[in-house]
Novice: 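Here it is, the structure in full.
Computed from a predicted structure; not experimentally measured. Each chain gets a letter, A, B and so on, in the order its sequence line appears, and its residues count up from 1.
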Amino acid sequence: MHKIAAASGIGSQEVKINILSELLKKATKLEARYIARIVSGRIRLGLGDKTILDSLSIAKTGSKEHRKELDEAYHVCPDVGNIAEVYLNRGLKGLEKIDVQLNRPVQMMLCQRVARISEAKEKLGLPVAVEFKYDGERIQAHKKGNDIKLYSRRLDDITGQFPDVVEQIKKNIKAKTVIIEGEAVAVGSKGNLLPFQKLMQRKRKHKIEEYVRKIPVCLFLFDLLYLNGKSFIHMPYFQRHNALKKIVKETNNIRIASRTICRTVDCIEQFFENIVKKGGEGVVIKSLSKDSFYEAGKRGWNWIKWKPEYAKGLRDTFDLVVVGAFFGRGRRAGTYGALLCAAYNKVKDRFETFCKLGSGFTDKQLKELPEKFKRFVVKTKPARVLIEKEMKPDVFFVPEIVVEVTGAEITKSPNHTCAKEKGQGLALRFPRFLRYRDKKPEDATCVKEILRMFKKK
DNA sequence: CTTGTCTGCCCC
DNA sequence: ATTCTGC
DNA sequence: GCAGAATGGGCAGACAAG
C-alpha cells in the first residue's frame, strides 16, 4: 500500500492498479473485502480520535477518569500519537504541561445552534456581543516575529494559499508573537463581500500570485488565543477581544469583524436583519460572562450561531420532484444514499435538476426508499427530465413523487440545470429533506419562482 | 493539445 | 456544511 | 450532549484517453 501511495506521474495509475490487483489475488475473500475498503477509504470502525482518548485512560487507570484531562490536552495539541506518548510515559503531570504553542494549531472553537433567537438570551443572558458571520474560510494565524503560519479549520497548513494575508499580518499586527483567528472573505474593488464560491478559487496550488490580484481577500478578525508568550484561551472573551483590538491596524484587507453589543433581544434581531440585508450569512452571538473562555475543539454554549434558515416557518422551502437516485454506501448500502431532485419548468414542460438530497431522512425513511420508488424506476432518462451530462444517477425515476426540501441559499451551479442560462444553472446549498408532499409533479415549485428568489437576493 | 472523470485526512 | 442515532 | 457516520454544492488538481 505504501508503494501504491508513492506512485505518481505518467503511467502511475496503471502501476497502482497492478500492485492492487496482485494484492487482491493473494488475498482470501474476506481479506479482499477489507483491502478494498481500506484503499477506497471507506472503512468505518465507529471509533474516532475521541474514543482513542477513552481507551488511553482505560489502559492506564481501568476507567475513563482521565478523559477530561486527555481531552483538554488534545484540543491544544491535536495529535493522538503525541498525547498517547506523553500520557503513557508521564501521566497527568505530562498532560498538564501541554499548552498553547506557536506553529502548532489549536483546535477551533465552534458554535452551538438554537431554534429561536430568544433561546440565545436564555443560554447567554444579556448583554451579549453579536458578530457578523462572514461566508468565507476560517483561518487561525500564528505570528512568531516575521514567521507567519496560517491554518484551516481542519488544522491544515494553508500558508501557501494566502501570501497576501501573510503580508497583511506582518505589516498590520503589532505584536511579536501572537495567535489570532478570523474569517477570510473574497472582496470586490469597493470592499464589497463576494460569495464563498469566489473565495474557493483561491484554494489552489498554481497561479497563486495571479489569483491574489484577481480575487483579493479581506481577513475579518474576531479572536486572539495567544500574545507575547502567554496563552489567552482561559481568559474571557471580552478580554481576548480587547487585546485583539489593541494590536490590529485596520486596512482594506485586514479588519476586526463587524460587531455590536446588545442589551435586548430586539437589538440582536435588528443587527441580524441588517447583516442579512448586507449579504451576511447570519450572526454569531457571544457570551460576555467571566467564564466565556475559548473552548478549543468544542461546540460550546459561549458562541451561538443564528442564520435565517434556522427560523422554522419563516424559511423558504421547495417542493421538488424526484427524478433519480444514487446508491448508498456504508450504513446506507442496500438503499439509496441520495435522491436527485428537480423543479418544474412550466413553459418548457420539463423537470430541471436543482439539488441532490441525502440529509434529513430518518433510518426508517431511508430503508423504505427502494420500495417507495420501485414503481417509478426506469433505466434511461425520461424525456421530460433535463440533467447535466456530468450528473450520473444510478437509477432514473418517472417524475411522480414530490418532496419538501429546505436549504441555506440558492447559488449559481455548473452541475444543475435549473434555470440554466449561458452554461450556468441554479442549485440549493445545504439541502435537507423535510417531508413527502402529496401533490402532482406539475404542481412542484417552478423554475421561474426559484429564479425570482435567486434574483431577489 | 483538449476533454472526461475522479479525488480531496478540501472548503463550506 | 446538516442531520440522525446509539450510548 | 457527545461521537460517529451518512449525506449536500462546488472548487482546483491529477491523470487517462482521445
Novice: Give the rounded distance in Å between these two atoms: CD of A:Q161 and P of B:dC11.
Specialist: 8 Å
Novice: Could you check A:R331 against A:Y310 and say which one's nearest nucleotide on DNA chain C is further toward the 5' end?
Specialist: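 Here A:Y310 is the residue nearer the 5' end.
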Novice: Does a sphere of radius 6.0 Å around NZ in A:K307 hold more than 12 heavy atoms from other residues, nucleotides or ligands, not counting ones at 6.0 Å or beyond?
Specialist: yes
Novice: From the options D:dG9, B:dC11, B:dC10, select the nucleotide whose nearest atom is closest to the side chain of A:R154.
Specialist: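 Within the option list, the nearest is B:dC10.
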Novice: When we call it a touch if two heavy atoms are under 4.0 Å apart, what does A:K392 touch: a base, just sugar-phosphate, or nothing?
Specialist: sugar-phosphate
Novice: Measuring from the side chain of A:D363 (C-beta onward, heavy atoms only), which nucleotide among B:dC10, C:dT5, D:dG13 has the closest atom?
Specialist: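 Nucleotide nearest to A:D363's side chain: C:dT5.
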Novice: In whole Å, what is the span from the CG atom of A:L45 to the P atom of C:dG6?
Specialist: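 That distance rounds to 19 Å.
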Novice: Assign A:F433 to base, sugar-phosphate, or nothing according to its heavy-atom contacts below 4.0 angstrom with the strands shown.
Specialist: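 Contact class for A:F433: none.
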Novice: It should be established whether A:N415 places a side-chain nitrogen or oxygen under 4.0 Å from OP1 or OP2 of nucleotide D:dG10.
Specialist: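 Yes, within the criterion.
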Novice: Would you mind classifying the nucleic acid contact of A:K307 as base, sugar-phosphate or nothing, using non-hydrogen atoms under 4.0 angstrom?
Specialist: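 The residue A:K307 makes sugar-phosphate contact but no base contact.
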Novice: Heavy atoms from C-beta onward define the side chain here; which of B:dC12, D:dG9, D:dC2 lies closest to that of A:F430?
Specialist: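 Of the candidates, B:dC12 comes closest.
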Novice: Just checking, is any N or O donor in the side chain of A:S118 or A:R116 under 3.5 Å from an acceptor N or O on the other one?
Specialist: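 Yes.
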Novice: For Watson-Crick and G-U wobble pairs within 3.5 Å on both distances, what is DNA chain B written in dot-bracket notation, | included for inter-strand pairing?
Specialist: ||||||||.|||
Novice: Identify which nucleotide among C:dT3, D:dG10, B:dC12 has an atom closest to any side-chain atom of A:K203, counting heavy atoms from C-beta outward.
Specialist: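 My answer, after comparing the listed nucleotides, is D:dG10.
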Novice: In whole Å, measure the gap between the P atoms of B:dT7 and D:dT7 for me.
Specialist: 14 Å
Novice: Under 4.0 Å, heavy atoms only, any strand: does A:G328 hit a base, just the sugar-phosphate, or nothing?
Specialist: sugar-phosphate
Novice: I want to verify a distance call: between D:dC2, D:dC11, D:dG9, whose nearest atom is closest to the A:T411 side chain?
Specialist: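 Selected nucleotide: D:dG9.
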Novice: Classify A:L199 by what it touches in the nucleic acid, base, sugar-phosphate, or nothing, heavy-atom distance under 4.0 Å.
Specialist: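 No contact.
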Novice: Which of these nucleotides, B:dC11, D:dG9, D:dA6, is closest to any side-chain atom of A:R44?
Specialist: D:dA6
Novice: NA contact type, A:L366, heavy-atom cut-off 4.0 Å: base, sugar-phosphate, or nothing?
Specialist: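 Result for A:L366 = nothing.
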Novice: Check whether any side-chain nitrogen or oxygen of A:R429 sits under 4.0 Å from OP1 or OP2 of B:dC12, and answer yes or no.
Specialist: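 For B:dC12, OP1/OP2 do not have a side-chain N/O of A:R429 under 4.0 Å.
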Novice: Hey, is the side chain of A:T51 poking within less than 4.0 Å of OP1 or OP2 on D:dA3, counting only N and O atoms?
Specialist: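 Answer no for this pair, as no side-chain N or O of A:T51 is under 4.0 Å from OP1 or OP2.
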Novice: Output the rounded distance in Å from CZ (A:R332) to C1' (C:dC4).
Specialist: 9 Å
Novice: Consider the side chain of A:K50, meaning its heavy atoms from C-beta on, and name the nucleotide among D:dA14, D:dC2, D:dG4 that approaches it most closely.
Specialist: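 Between D:dA14, D:dC2, D:dG4, the one nearest the side chain of A:K50 would be D:dG4.
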Novice: Quickly work out the A:M108 CE to B:dC12 C1' distance and round it to whole Å.
Specialist: 13 Å
Novice: Under 4.0 angstrom, heavy atoms only, what part of the nucleic acid is A:I43 near: base, sugar-phosphate, or nothing?
Specialist: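 Touches nothing.
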Novice: Any side-chain heavy atom of A:F454 within less than 4.5 Å of one from A:K412?
Specialist: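 A:F454 vs A:K412: side chains touch.
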Novice: Measure from the side chain of A:R329, starting at C-beta and using heavy atoms only, and say which of D:dT7, D:dG13, B:dC12 lies closest.
Specialist: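 Side chain of A:R329 sits closest to D:dT7.
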Novice: So, A:Y336 versus A:F397, ring centres under 6.0 angstrom or not?
Specialist: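 Distance test on ring centres: under 6.0 Å, yes.
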Novice: Under 4.0 Å between a side-chain nitrogen and a carboxylate oxygen: does that hold for A:K305 and A:E281?
Specialist: no
Novice: Counting C-beta onward and ignoring hydrogens, is there a side-chain heavy-atom pair between A:R299 and A:R113 closer than 4.5 Å?
Specialist: no
Novice: Could you check whether A:K305 gets within reach of a base, just the sugar-phosphate, or nothing at all, counting any heavy atom under 4.0 Å?
Specialist: sugar-phosphate
Novice: Under 4.0 Å between any heavy atoms, over every strand shown, what does A:R299 touch: base, sugar-phosphate, or nothing? Just pick one.
Specialist: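 Counting heavy atoms under 4.0 Å across all strands, no contact is made by A:R299.
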Novice: Which of these, A:H66, A:K60, A:E65, A:R67, sits in a side chain to side chain donor-acceptor pair (under 3.5 Å) with A:S63?
Specialist: A:E65
Novice: Rounded to the nearest angstrom, tell me the gap between atom CG in A:D156 and atom C1' in D:dA12.
Specialist: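 So the CG-C1' distance, A:D156 to D:dA12, works out to 15 Å.
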Novice: Give a yes or no on whether the backbone of A:I215 and the side-chain of A:R202 come within a donor-acceptor separation of less than 3.5 Å.
Specialist: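 Checked: pair present.
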Novice: Expressed in angstrom and rounded to an integer, what is the separation of A:R202 atom CZ from D:dG13 atom P?
Specialist: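 That distance rounds to 12 Å.
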Novice: Should A:K298 and A:D71 count as an ion pair when the cut-off is N to O under 4.0 Å?
Specialist: no
Novice: What about A:S359, does its side chain sit under 3.5 Å from the base of D:dT7 through a donor-acceptor pair?
Specialist: no
Novice: Counting just side-chain N and O atoms, does A:R432 come under 4.0 Å of either OP1 or OP2 of C:dT2?
Specialist: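 It does not, given that no N or O in the side chain of A:R432 lies less than 4.0 Å from OP1 or OP2 of C:dT2.
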Novice: For A:F132 and A:F220, I'd like to know if the aromatic rings sit close, meaning centre-to-centre distance below 6.0 Å.
Specialist: no
Novice: Do any side-chain nitrogens or oxygens of A:H416 fall under 4.0 Å of OP1 or OP2 in D:dG9?
Specialist: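 The answer is yes; a side-chain N or O of A:H416 sits under 4.0 Å from OP1 or OP2.
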Novice: I'd like to check A:C418 versus A:V447 (side-chain heavy atoms, cut-off strictly below 4.5 Å). Are they in contact?
Specialist: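 With C-beta onward as the side chain, the pair touches.
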Novice: Who does C:dT5 pair with, Watson-Crick or G-U, both distances under 3.5 Å?
Specialist: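 Check on C:dT5: paired to D:dA3, both distances under 3.5 Å.
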Novice: Suppose you measure atom C1' in B:dC9 against the same atom in B:dT5; what distance do you get, rounded to whole Å?
Specialist: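 Roughly 22 Å separates the two C1' atoms.
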Novice: Taking only the side-chain heavy atoms of A:Q201 (C-beta and beyond), determine which of B:dC12, D:dC11, D:dA14 contains the nearest atom.
Specialist: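 So the side chain of A:Q201 is nearest to D:dC11.
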Novice: Among B:dC11, D:dA3, B:dG4, which is the nearest nucleotide to the side chain of A:K389?
Specialist: B:dG4
Novice: Within the structure shown, what part of the strands sits under 4.0 Å from A:K412 by heavy-atom distance: base, sugar-phosphate, or nothing?
Specialist: sugar-phosphate
Novice: Roughly how many Å is it from OH in A:Y151 to P in B:dC9, rounded to a whole number?
Specialist: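 Rounded to the whole Å, the gap is 17 Å.
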Novice: For D:dC2 and B:dC12, measure between their C1' atoms and round to the nearest Å.
Specialist: 23 Å
Novice: Within the structure shown, what part of the strands sits under 4.0 Å from A:K205 by heavy-atom distance: base, sugar-phosphate, or nothing?
Specialist: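 If one applies the 4.0 Å heavy-atom cut-off, A:K205 turns out to touch the sugar-phosphate alone, with no base involved.
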Novice: Could you tell me how far apart A:R113 (CZ) and C:dT3 (C1') are, to the nearest whole angstrom?
Specialist: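 For the pair A:R113 CZ and C:dT3 C1', the rounded distance is 9 Å.
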